[in-house]
Amino acid sequence: MRFVTYTPPPPLGRFVRLLWYYAAPELPDLLERVLPSGAMSLLINLAEDELRWYDGAAEHGAADGGAARCHRLSGIAVCGAHAEHFAIDTAEQRAIVGAELSPGGAAPFFGSDAAALGGAHVSLDALWGREAALVRERVLEAKTPEERLRALESALASRLLRPRAPLERDPSVDFALAAFADPSRAWTVADVTGQLGMSSKRFIRSFTERVGLTPKRYCRVQRFQQAVSAIERGERVSWAGVAAACGYYDQAHFIHDFRAFAGLTPTEYVTRRRERNHVPLDG
């Protein structure tokens, strides 16, 4: 397995959090549940010109030996900000390049489609036309993982140079994202709108349009991911301690919320995960 990451500098870095290359030719063929992170990503399958995903209802059936409903996309696609788990097959992870967008950073690449992309998987040609296939071709032509990341960086940076590209981030959304990430205080939507002097309705609309999730849903996913981070640090896990550290009312609330997002309990996640946010469904 090989995993290479690259953090682009500004101005692209204001909108794209991370570029990454992942290759794992040794992976067996199986379905794998992907847990929600709240981030929007662009994905390029380097091994075949197709990306596949399986919806939540189908993946439960697949885990029990039933038939899974497969949704097929082109080899370059967008995965919108999700608050639900879904499944993929490991065959498409054998060689893949991706870009994880910063929350609120979709506008230069997808205009006002961030809200519509929330919870969705869309072939990039539906948004960029023929340019999508050309981007994949340029990435495939690159020889090394680092060169492939640079090719994707160049393609994304070129979107910033288009006439009328929306290069300014929404300051109200950025304020909210920073507030929601503040570990010293549990900011609510009312706290944020009070500081901004905005109506709740207007703020929720602006946030959802930029991030792809409502503020409340986004905060729940981020709290869930804080719990996942605590698990992944490999520390001796106290579920009551994790619940308290991540802002849950109590351990029962934490386990209920974790199961809502992951489809399994924290203990099941610890024993079954392959890597962060990935859980094999085959046995």
Side-chain angles (χ1 to χ4, degrees), residues 1 3 19-101 106 109-111 113-142 148-149 151-152 155-156 159 212-213 261-263 274-275 277-283:
M1 187 269 280
F3 186 51
L19 301 176
W20 53 268
Y21 168 92
Y22 181 87
E26 74 282 2
L27 284 176
D29 289 333
L30 50 82
L31 288 184
E32 196 168 72
R33 179 176 296 166
V34 179
L35 308 189
S37 68
M40 180 182 293
S41 297
L42 188 154
L43 306 171
I44 305 175
N45 189 347
L46 303 175
E48 53 184 308
D49 193 11
E50 182 176 272
L51 286 159
R52 298 173 293 278
W53 70 280
Y54 304 78
D55 62 40
E59 58 153 301
H60 286 301
D64 297 331
R69 186 168 66 234
C70 178
H71 303 263
R72 299 178 184 276
L73 306 168
S74 69
I76 178 167
V78 178
C79 177
H82 273 70
E84 299 82 24
H85 58 77
F86 57 92
I88 59 174
D89 61 66
T90 52
E92 68 182 57
Q93 296 181 71
R94 297 211 167 100
I96 191 166
V97 164
E100 180 182 327
L101 274 60
F109 314 109
F110 309 117
D113 289 329
L117 290 170
H121 307 255
V122 180
S123 294
L124 189 62
D125 56 10
L127 303 170
W128 287 8
R130 175 161 168 69
E131 183 184 348
L134 295 176
V135 170
R136 183 173 182 272
E137 287 175 12
R138 287 196 290 269
V139 173
L140 281 170
E141 288 169 357
R148 285 173 165 169
L149 294 182
L152 180 55
L156 292 171
R159 303 291 292 186
L213 296 172
F261 286 119
R274 179 175 67 83
E275 57 185 51
N277 289 330
H278 287 251
V279 180
L281 292 173
D282 188 8

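FYI, the numbering just counts along the sequence from 1.
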Keeping Arg33 on the side-chain end and Leu281 on the backbone end, is there a donor-acceptor pair under 3.5 Å? no
Parallel, tilted or perpendicular: which one describes the rings of Phe86 and His121, with boundaries at 30° and 60°? perpendicular
Carefully, step by step, assess Leu140 and Leu46 under the rule side-chain contact (heavy atoms from CB on, under 4.5 Å). CA-CA 6 Å; Leu140 281 170; Leu46 303 175; 3.9 Å; yes
With sequence neighbours excluded, give me every salt bridge (Lys or Arg N to Asp or Glu O under 4.0 Å) pair touching residues 118-135. Glu131-Arg159
Output every pair passing salt bridge (Lys or Arg N to Asp or Glu O under 4.0 Å) with a member in residues 40-51, not counting sequence neighbours, ordered by first then second residue. Glu48-Arg52, Asp49-Arg136, Glu50-Arg52, Glu50-Arg72
Shortest non-hydrogen contact from [X] toward [Y]:
| X | Y | answer |
| --- | --- | --- |
| Arg138 | Ala155 | NH2-CB, 4.2 Å |
| Ala81 | Gly38 | CB-O, 3.4 Å |
| Leu124 | Ser74 | N-OG, 4.2 Å |
| Ala99 | Trp20 | N-NE1, 4.1 Å |
| Arg148 | Tyr21 | NH1-CE1, 4.1 Å |

I'd like to know whether Phe109 forms a side-chain contact (heavy atoms from CB on, under 4.5 Å) with Leu127, so could you lay out the CA-CA distance, the side-chain angles of the two residues, the decisive distance to 0.1 Å, and finally the verdict. CA-CA 9 Å; Phe109 314 109; Leu127 303 170; over 6 Å; no
With a 4.5 Å limit on heavy-atom distance, are the side chains of Phe3 and Glu275 in contact?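 Phe3 vs Glu275: side chains apart.
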side-chain contact (heavy atoms from CB on, under 4.5 Å) between Val97 and Leu149, worked out: CA-CA 7 Å; Val97 164; Leu149 294 182; 4.2 Å; yes
Rounded to the nearest 0.5 Å, what separates atom [atom1] in [X] from atom [atom2] in [Y]?
| X | Y | atom1 | atom2 | value |
| --- | --- | --- | --- | --- |
| Leu101 | Phe110 | CG | CZ | 6.0 Å |
| Glu32 | Arg274 | CD | CZ | 4.0 Å |
| Trp128 | Ile76 | CH2 | CD1 | 6.5 Å |
| Thr90 | Asp29 | OG1 | CG | 5.0 Å |
| Ile96 | Ile88 | CD1 | CD1 | 7.0 Å |
| Asp55 | His85 | CG | NE2 | 10.5 Å |

With Glu137, which residues qualify under salt bridge (Lys or Arg N to Asp or Glu O under 4.0 Å), at least two apart? none
side-chain contact (heavy atoms from CB on, under 4.5 Å) between Leu43 and Asn45, worked out: CA-CA 7 Å; Leu43 306 171; Asn45 189 347; over 6 Å; no
